[in-house]
Q: 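Below is the structure I would like to discuss, written out as structure tokens.
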There are 2 protein chains.
Amino acid sequence: MIRMIQSLNEHNREDLQEALGKGGQKLTPQREVVFAVLLAQRDHPTVDEVFNRARESMPGLSLATVYNCLETFVGCGLVRQVNHERESTRYCPNLAPHAHFRDKETGQVHDIELPPEVMKSLRSILPPGFDSEVIEISFLGRTKANDPLHSN
Amino acid sequence: MIRMIQSLNEHNREDLQEALGKGGQKLTPQREVVFAVLLAQRDHPTVDEVFNRARESMPGLSLATVYNCLETFVGCGLVRQVNHERESTRYCPNLAPHAHFRDKETGQVHDIELPPEVMKSLRSILPPGFDSEVIEISFLGRTKANDPLHSN
DNA sequence: TTGCGGTTTAGATTCATTCTAACTCATTAA
DNA sequence: TTAATGAGTTAGAATGAATCTAAACCGCAA
Ligand SMILES: [Mn+2]
Ligand SMILES: [Mn+2]
Ligand SMILES: [Zn+2]
Ligand SMILES: [Zn+2]
């Protein structure tokens, strides 16, 4: 799928600027472009995929800067890293609590909403003395029907 | 903690031989030593840790062979790979369904039992058409008390 | 204008993992 | 008893995602 990356709308640019500001960082043209790429197509791209998409709107952009931007976003809580086994890290701008489903055949990664009661039941299995801030849940399997909610 | 690696007992050697056989693979001295290392100290060692422990009982053993043995065990379903972010892969001989808890401060990895009802509630969040064989759950956090059940 | 500091950049480096090709060695065929 | 076969082991080379380094860039303030 080819998709022209539009620039950030007013609302998203403000969100980005605010989050960066809280983390003591500045809004830059490179960060805008990289963030726009993440919002435009929420398919959990790798750094290389982000790089190639971002280069279309900013040809001089370097791979190192894409790494830097994404690291900054993670630090500011704007984006999550998603890892499956030892494959390249993928990036996700969905801030709601969610798990990841990885399609064994296509490699596509889908977001799976995590209801609060499931989060609670998960937390409840921790023995006393274990205190967890982050829970990562990932499914590996197949998708039969193409669910309109989860296909791009 | 220093621990002398004893060789496999009769029971475990039979289990190993049977699982290897089903996967069309043979029992070798190297595989025995590497498997014994995994059973002796269930702290989710990395390949390098396995290598260093196994070398004590088999000085000529090579790192490549440790990689090969562990890959074979995973293929035969004797061992699970455990990944946290992009750190070195760790290996776990616990075949019961369980999650992993990673201590942010010490880096230690603990097994967390996964009750069937939690597994069910997790499976239930998958939309129709999504079919998952493998679910990975990992906690990141701190351990306050040292729980006798989970300390070695 | 000039200096400062955060950001970007290209390229070098790191390091876990995978690959390659030679060697070992137990089993099988002649 | 040899010879051939082939799975397993081994050292070292190659790979590649991620990190590091140092120079260039650039907006802002003295
Ligand atoms: Mn908003
Ligand atoms: Mn048994
Ligand atoms: Zn996601
Ligand atoms: Zn485990």
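Small disclaimer: the values here were computed from a predicted structure and weren't measured. The figures that follow rest on heavy atoms only: side chains count, while hydrogens, waters and symmetry mates do not. Letters A, B, ... are given to chains in the order of the sequence lines, protein chains preceding strands, and every chain is numbered from 1.
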Q: Rounded to the Å, how far apart are Asn52(B) CG and dA16(C) C1'?
A: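 So the CG-C1' distance, Asn52(B) to dA16(C), works out to 15 Å.
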Q: Side-chain N or O of Gln25(A) versus OP1/OP2 of dG6(C): is the shortest distance under 4.0 Å?
A: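 No, Gln25(A) has no side-chain N/O under 4.0 Å of OP1/OP2 on dG6(C).
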Q: Between dA16(C), dA17(D), dG8(D), which one does the side chain of Lys26(B) approach most closely?
A: dG8(D)
Q: Output the rounded distance in Å from CD (Glu85(A)) to C1' (dA17(D)).
A: 16 Å
Q: Which of the following nucleotides, dT9(D), dT17(C), dG12(D), is nearest to the side chain of Arg86(A)?
A: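 From the listed options, dT17(C) comes nearest.
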Q: Please determine whether a side-chain nitrogen of the Lys or Arg among Asp43(A) and Arg53(A) lies less than 4.0 Å from a carboxylate oxygen of the Asp or Glu.
A: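 So Asp43(A) pairs with Arg53(A) through a salt bridge.
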Q: Let's see if you can work this out: which of dA17(D), dT8(C), dT10(D) has an atom nearest to the side-chain heavy atoms of Gln30(A)?
A: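 Among dA17(D), dT8(C), dT10(D), the one nearest the side chain of Gln30(A) is dT8(C).
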Q: Whole angstroms only, please: what is the CG-C1' distance between Leu20(B) and dT9(D)?
A: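 In whole Å, dT9(D) C1' lies 15 Å from Leu20(B) CG.
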Q: To the nearest 0.5 Å, how far apart are CD in Glu49(B) and OH in Tyr91(B)?
A: 12.0 Å
Q: From CG of Leu70(A) over to C1' of dT19(D), roughly how many Å is that when rounded to an integer?
A: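 Spelled out: CG on Leu70(A) to C1' on dT19(D) is 14 Å.
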Q: Thinking salt bridges, do Arg142(B) and Asp103(B) make one under a 4.0 Å N-O criterion?
A: no
Q: Is there a side-chain contact between Arg31(A) and the phosphate of dT7(C), meaning an N or O under 4.0 Å from OP1 or OP2?
A: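 For dT7(C), OP1/OP2 do have a side-chain N/O of Arg31(A) under 4.0 Å.
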Q: Just to be sure I understand the rule, does Thr28(B) reach a base, reach only the sugar-phosphate, or reach nothing, if contact means heavy atoms closer than 4.0 Å?
A: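 Here Thr28(B) touches the backbone only, sparing every base.
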Q: Gly24(A) or Asp48(B): which one's nearest nucleotide on DNA chain C is closer to the 5' end?
A: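 Mapping each residue to its closest nucleotide by heavy atoms, the 5'-most match is Gly24(A).
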Q: Take the protein atom CG of Leu27(A) and the nucleotide atom P of dC28(D), then report the distance between them rounded to whole Å.
A: 12 Å
Q: Take atom CG of Asn68(B) and atom P of dT24(C), then tell me their distance rounded to the nearest Å.
A: 18 Å
Q: Using a 4.0 Å heavy-atom cut-off, does Glu87(A) contact any base of the nucleic acid, only the sugar-phosphate backbone, or nothing at all?
A: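 Result for Glu87(A) = nothing.
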Q: Would you mind classifying the nucleic acid contact of Leu63(A) as base, sugar-phosphate or nothing, using non-hydrogen atoms under 4.0 angstrom?
A: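 Answer is nothing: Leu63(A) stays at 4.0 Å or more from every strand.
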Q: Charged N to carboxylate O below 4.0 Å: is that the case for Glu87(B) and Arg102(B)?
A: yes
Q: Starting at OH of Tyr67(A) and ending at P of dA12(C), how long is that distance when rounded to a whole Å?
A: 17 Å
Q: dT8(C) phosphate, OP1 or OP2: any side-chain N/O from Ser62(A) under 4.0 angstrom?
A: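 Indeed not, no polar side-chain atom of Ser62(A) lies that close.
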Q: Is the distance from OP1 or OP2 of dA17(D) to the nearest side-chain N or O of Thr89(A) less than 4.0 Å?
A: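 Answer no for this pair, as no side-chain N or O of Thr89(A) is under 4.0 Å from OP1 or OP2.
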Q: Looking for any heavy atom pair under 4.0 Å, which part of the strands does Ser88(B) touch: base, sugar-phosphate only, or nothing?
A: sugar-phosphate
Q: Answer yes when Glu117(A) and Lys120(A) have at least one side-chain N-carboxylate O distance shorter than 4.0 Å, and no when they do not.
A: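 The answer is no: the pair does not qualify as a salt bridge.
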Q: Please report, rounded to the nearest Å, how far the P atom of dA16(C) is from the CZ atom of Phe51(B).
A: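 Nearest whole value for this atom pair: 13 Å.
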